[in-house]
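Chain A is the first sequence line, chain B the second, and so forth, proteins listed ahead of strands; every chain is numbered from 1.
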2 protein chains.
Amino acid sequence: MDKIQKYNTDVLTALLTKAGIRPSVQRMAILRLLAERLGHPTADEIYGALVDLYPTLSRTTVYNTLHLFSEKQIMRELETDGVKRYDLASLPPHAHFVCRCCGAVADIPLPAGLQAPGNVDFTVDSIELYYKGLCNKCKSSNSNL
Amino acid sequence: MDKIQKYNTDVLTALLTKAGIRPSVQRMAILRLLAERLGHPTADEIYGALVDLYPTLSRTTVYNTLHLFSEKQIMRELETDGVKRYDLASLPPHAHFVCRCCGAVADIPLPAGLQAPGNVDFTVDSIELYYKGLCNKCKSSNSNL
DNA sequence: ATCCATTTTTGAAATCATTACAAAATTAGG
DNA sequence: CCTAATTTTGTAATGATTTCAAAAATGGAT
């Protein structure tokens, strides 16, 4: 959750409308959060970031919306450390580095030529590539490990 | 959880001993289950498969053992669908296909040349590659999706 | 504008996986 | 066979997510 980029409301509204999703206040707020504050937030982090602005916001709405967005390919679900994290699907495909110690998640370019295997037993609709290990911060601060 | 291959007790004992793990009855049972009935069981599936044979077995022991084994690189943790699954680390590295509908997990050969990215900001100790989609069984039975 | 049907949001309770913890059981070595 | 260290166990706690039904908001027709 670092870089910030302003998005036009119309662009975000269109993104939802095109997917057949009504752009309610809550849905727009969640979409805007993901679009502007890039990062890989959990449902609870999203709730925490928005509840001050929308005091009646419910965690259930956040979960509902995240499910809806994932289903409609607006967001992608990540499984990095036992908790689900969310990433904008309109971002170019990329891999993720996950720090085993602090849980930090970083975007990594996908290796060239990575594609779904040609297998007749199933149809692949998404590829998730995780590199797990230690980030430099944890490596230097924790002399152990 | 399908293929079955008999393992010599000595081989499994040595695997634990070499890692500095005492081969208790419970640990051996869990290791043997993973080694013989290849598959990608969850902690609960392991518990369920063993509790008949070891009626005093505790879920906590299963979790403890799985953590110990993962730490000592005897097993690898998979995150396929919100629940942790386990895979023998002594198997050759491979990717996994995950069915979004029934949760089936299948081993897939790793694409050639996949390796940790050369980034100075972190040290990678494992690579996890998931292909997610629908297996043929779900594709044909569920006409929807 | 007002009504009605539909959709969306909400909050509380339930569920599921996992962890924490302290007591009981087991084991290894002297 | 005693004692200390390790391992296992069961229960309770936690945390993330889901379920569910009621309340609120919305859109379209009148």
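- Shown for residues 60-73 of chain A: residues whose heavy atoms fall under 4.0 angstrom of DNA chain C, namely Thr60(A), Thr61(A), Asn64(A).
- In this structure, Leu16(B) atom CG and dT6(D) atom P are separated by 17 Å, rounded to whole Å.
- Across the protein-nucleic acid pair, Leu57(A) atom CG and dT8(C) atom P stand 16 Å apart, rounded to whole Å.
- Considering only side-chain atoms of Arg59(B), the nucleotide from dT18(C), dT8(D), dG10(D) that sits closest is dT18(C).
- Residue Thr42(B) is classed as having no contact, given no heavy-atom separation below 4.0 Å to the nucleic acid.
- In this structure, Tyr47(B) atom OH and dT18(C) atom P are separated by 15 Å, rounded to whole Å.
- Here Lys132(B) does not pair with Asp125(A) in a salt bridge; the nearest charged N to carboxylate O distance is not below 4.0 Å.
- A close approach under 4.0 Å does not occur between any side-chain nitrogen or oxygen of Ser24(A) and OP1 or OP2 of dT8(C).
- Note on Glu77(A) versus Arg85(A): no salt bridge recorded, every NZ/NE/NH1/NH2 to OD/OE distance being 4.0 Å or above.
- Atom pair Met28(B):CE and dT26(C):P shows a separation of 19 Å (rounding to whole Å applied).
- If you measure from atom OH of Tyr54(B) to atom P of dT26(C), you get 15 Å, rounded to the nearest angstrom.
- Ranking dG11(C), dT9(D), dT6(D) by closeness to the Arg22(B) side chain, first place goes to dT6(D).
- Between Glu45(A) atom CD and dG15(D) atom C1' the separation is 14 Å, expressed in whole Å.
- Looking at heavy atoms from C-beta onward, Phe69(A) lies in side-chain contact with Arg27(A) at the 4.5 angstrom threshold.
- Here the two rings, on Phe97(B) and Tyr131(B), have centers that are 6.0 Å apart or farther.
- Nearest-nucleotide assignment on DNA chain D puts the 5′-proximal partner with Gly20(B), out of Ala43(A) and Gly20(B).
- The backbone N or O of Thr9(A) lies less than 3.5 Å from a partner atom in the side chain of Thr13(A), making a donor-acceptor pair.
- Contact check for Leu38(A) versus Leu91(A): side-chain heavy atoms found under the 4.5 Å cut-off.
- Comparing dT10(C), dT8(D), dT17(D) by their nearest atom to the side chain of Arg27(B) picks out dT8(D).
- A donor-acceptor pair under 3.5 Å is absent between the side-chain atoms of Glu128(B) and the main chain of Leu78(B), judged by distance alone.
- For Ile46(A) and dT17(D), the CD1 to P distance is 10 Å, given to the nearest whole Å.
- Put simply, Gln26(A) has a side-chain N or O that comes within less than 4.0 Å of OP1 or OP2 on dT10(C).
- We find that CG of Asp44(B) is positioned 15 Å from C1' of dT19(C), with the value rounded to whole Å.
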